[in-house]
Chemist: 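Take this structure first; my questions come after.
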Amino acid sequence: MKISKLFFIAMSTLLFIPFVNATDAPEWNAVTAAYSQAKSKGDSDTIEKALDLATQYAEKYPKDGRAMTYRGSLASMKARESILPWRKLGSLNQGLDWMDEGVTMVLKDKELAGGRVELDVRMVRGITSARIPKLFGRGTVARSDFLAVIGNPLFNEMNNVNKANAYAWLAVLSHRQSDDANSNNWLNKAREIDPVTADAIWTQYK
């Protein structure tokens, strides 16, 4: 769904650490490294460079849904840094389209659906969507992504930061829907795994 209002995406330094498979090409590892740097620094130059790298990769491998998802997330980061309102909206709408397209591509791939790549793209899209304010309607997408993540058999193989991220964001999303019972349940699960991560997300985004 297109967004037609001004927005602000809050970004923190506590971010998802993506899976990196041993079989990934060096050029993809370069994309994930640039993505991580863009998230941690958050400045327009670093984000722009990472977006350019992800775009080059996605254009070279147009059937790679993971690359499309990362590209979309970076475009959403770029939207935050844009000064002109129409550029903000353009970057955000494009980013959301790319993320949704990327996740759909992965889910349609029988070799990737249900595996590590699906976990990766759902975490990327889920966190990006959850950080967009409630009025823009991405909460449902984020919630579905995080529920899919925690329901995946490979969830337990994720590191504690990522697992706490998923639970903490479900707590935040439930809180935004005034579902305090589920919110408390998700938050307690997150705190049991990694209280620092859980409280950082809860305090900033609830």
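Quick note: residue numbers are just sequence positions, from 1. Predicted, not measured: the structure shown is a model, and the values here were computed from it. All values below were derived from every heavy atom in this structure, side-chain atoms included, with hydrogens, water molecules and symmetry-related copies excluded.
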Chemist: At what distance, to the nearest 0.5 angstrom, does OG1 of Thr55 lie from CG of Leu74?
Modeler: 8.0 Å
Chemist: Taking Asp100 as the fixed residue, which of Arg125, Arg71, Arg122 is the one that meets the salt bridge (charged side-chain N to carboxylate O under 4.0 Å, His left out) rule?
Modeler: Arg125
Chemist: Check for me, please, whether Val124 and Trp28 land in the same ILVMFWY cluster - side-chain distances under 4.5 Å, paths through other members count.
Modeler: yes
Chemist: Considering only NZ, NE, NH1 and NH2 on the basic side and carboxylate oxygens on the acidic side, decide whether Asp199 and Arg191 come within less than 4.0 Å.
Modeler: yes
Chemist: Sequence neighbours left out, what passes side chain to side chain donor-acceptor pair (under 3.5 Å) with Ser73? Give chain and number order.
Modeler: Tyr35, Thr128
Chemist: Looking at CG of Asn165 and CD1 of Ile127, how far apart are the two atoms once the value is rounded to the nearest 0.5 Å?
Modeler: 4.5 Å
Chemist: Take Arg143 and Ser174, measure what side chain to side chain contact (heavy atoms under 4.5 Å, CB included) needs, and give me the verdict at the end.
Modeler: CA-CA 9 Å; Arg143 181 178 175 81; Ser174 295; 3.3 Å; yes
Chemist: Might you point out which heavy atoms bring Ser183 and His175 nearest each other, and give the distance in Å?
Modeler: OG-CB, 3.5 Å
Chemist: With a 4.5 Å cut-off on side-chain heavy atoms, are Ile132 and Leu96 touching?
Modeler: yes
Chemist: Spell out, as yes or no, whether a donor-acceptor pair under 3.5 Å connects the side chain of Asp120 to the backbone of Arg116.
Modeler: no
Chemist: Tell me, please, which residues at least two apart from Trp186 pass ring pair (Phe, Tyr, Trp, His ring centres under 6.0 Å).
Modeler: Tyr167
Chemist: Could you measure the distance from the OG1 atom of Thr69 to the CE atom of Met123? Nearest 0.5 Å is fine.
Modeler: 13.5 Å
